[in-house]
Each structure stands twice: as C-alpha cells, then as structure tokens.
Protein chains: 2
Amino acid sequence: MCEANAYLCKDGKEELVLEAVDVLENEGDQVRIANIFGEQKVVKGKIRSMSLVDHKILLEE
Amino acid sequence: MCEANAYLCKDGKEELVLEAVDVLENEGDQVRIANIFGEQKVVKGKIRSMSLVDHKILLEE
C-alpha cells in the first residue's frame, strides 16, 4: 500500500486533511487530492514537500 | 517499495528525471527530489501531479 496521508501546515501545526491519498493535482492556487476510497478534497494552497517512504504529504496555504 | 518515478513534462513529452524517488521539496521556483539511493536532483519547475498507486510524479517547467 503506497498511499500517503496529506497534512496541511497551518500556524505551525500539521492538520490531517486526507488519509490514503493516491492522486494529487496542482491546479493553480489549489491542490486537488483524492484517496484510494474515492474521497476527494480541494485545498487552497500548494504542495510543500513529501516523503513517500514515510507516507507523508505536506501542503501549505 | 513506495517510491515513484519522477518525470518532467517538456514539449508534450515525459522525460524521466529520477527513479525511486522518496522525497520531494518545493523550493520556490524549483523542486528538489531525492531517491532512496541518495541521489538528488533539483529541477526548475513545479509539481504538476502525481499518482502514488501508479508510482508516478509529473513535474512541469
């Protein structure tokens, strides 16, 4: 299982946005994320970093 | 093994930049990518999209 959890960095804290993320798409000033269960979220912000081995995606506003 | 291959979209083609990528970091107008073998590359551009299940990361200039 190679999905990752997506967190939004906000005020120095990491807030879980979506678990088991498969797809990320950068769309201008927002990021669309979708997980393996078919759930989707659109986050205003951008991808800051990720570690696939740690299964962690960090987004920032 | 949850790494992904990173491709750069250039003139409508996908060019392999680095295999077995673990870490991506967005640094202003460039993206630093590092793989599980300790190789690093810095690409001028940004993350366009990725699918972790397909092990594919797309960057664009």
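For the numbers below, each heavy atom of this structure counts, side chains included, while hydrogens, waters and symmetry mates do not. Protein chains get the first letters and strands the later ones, always in sequence-line order, with residue 1 at the start of each.
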Between chain B and chain A: donor-acceptor pairs at under 3.5 Å:
{"unit_1": "B/D22", "atom_1": "O", "unit_2": "A/L52", "atom_2": "N", "d": "2.8"}
{"unit_1": "B/D22", "atom_1": "OD1", "unit_2": "A/S51", "atom_2": "OG", "d": "3.0"}
{"unit_1": "B/D22", "atom_1": "OD1", "unit_2": "A/L52", "atom_2": "N", "d": "3.2"}
{"unit_1": "B/D22", "atom_1": "OD1", "unit_2": "A/V53", "atom_2": "N", "d": "2.9"}
{"unit_1": "B/L24", "atom_1": "N", "unit_2": "A/M50", "atom_2": "O", "d": "3.0"}
{"unit_1": "B/L24", "atom_1": "O", "unit_2": "A/M50", "atom_2": "N", "d": "2.8"}
{"unit_1": "B/N26", "atom_1": "N", "unit_2": "A/R48", "atom_2": "O", "d": "2.8"}
{"unit_1": "B/N26", "atom_1": "ND2", "unit_2": "A/I47", "atom_2": "O", "d": "2.8"}
{"unit_1": "B/I47", "atom_1": "O", "unit_2": "A/N26", "atom_2": "ND2", "d": "2.8"}
{"unit_1": "B/R48", "atom_1": "O", "unit_2": "A/N26", "atom_2": "N", "d": "2.8"}
{"unit_1": "B/M50", "atom_1": "N", "unit_2": "A/L24", "atom_2": "O", "d": "2.9"}
{"unit_1": "B/M50", "atom_1": "O", "unit_2": "A/L24", "atom_2": "N", "d": "3.0"}
{"unit_1": "B/S51", "atom_1": "OG", "unit_2": "A/D22", "atom_2": "OD1", "d": "3.0"}
{"unit_1": "B/L52", "atom_1": "N", "unit_2": "A/D22", "atom_2": "O", "d": "2.8"}
{"unit_1": "B/L52", "atom_1": "N", "unit_2": "A/D22", "atom_2": "OD1", "d": "3.2"}
{"unit_1": "B/V53", "atom_1": "N", "unit_2": "A/D22", "atom_2": "OD1", "d": "2.9"}

Contact between B/L18 and B/V43 at the side-chain level, heavy atoms closer than 4.5 Å - yes or no?
no
Is there a path of hydrophobic side-chain contacts, each under 4.5 Å between heavy atoms, that joins B/V53 and A/F37?
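Yes; tracing contacts between hydrophobic side chains, which count when under 4.5 Å, links both residues.
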Where does B/I57 contact chain A at under 4.5 Å (heavy atoms): side chain, backbone, both or neither?
side chain
Heavy-atom contact with chain A under 4.5 Å, split by part of B/V21
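Answer is backbone: N, CA, C or O of B/V21 sit under 4.5 Å from chain A.
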Can you tell me how far apart CG (A/L24) and CD1 (B/I47) are? Round to the nearest 0.5 Å.
8.5 Å
Minimum heavy-atom separation for B/C2 and A/L52, please, with both atom names.
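Where B/C2 meets A/L52 most closely, the heavy atoms are O-CB, 3.4 Å.
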Under 4.5 Å from any heavy atom of chain B - which part of A/L58
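Neither part; nothing is under 4.5 Å.
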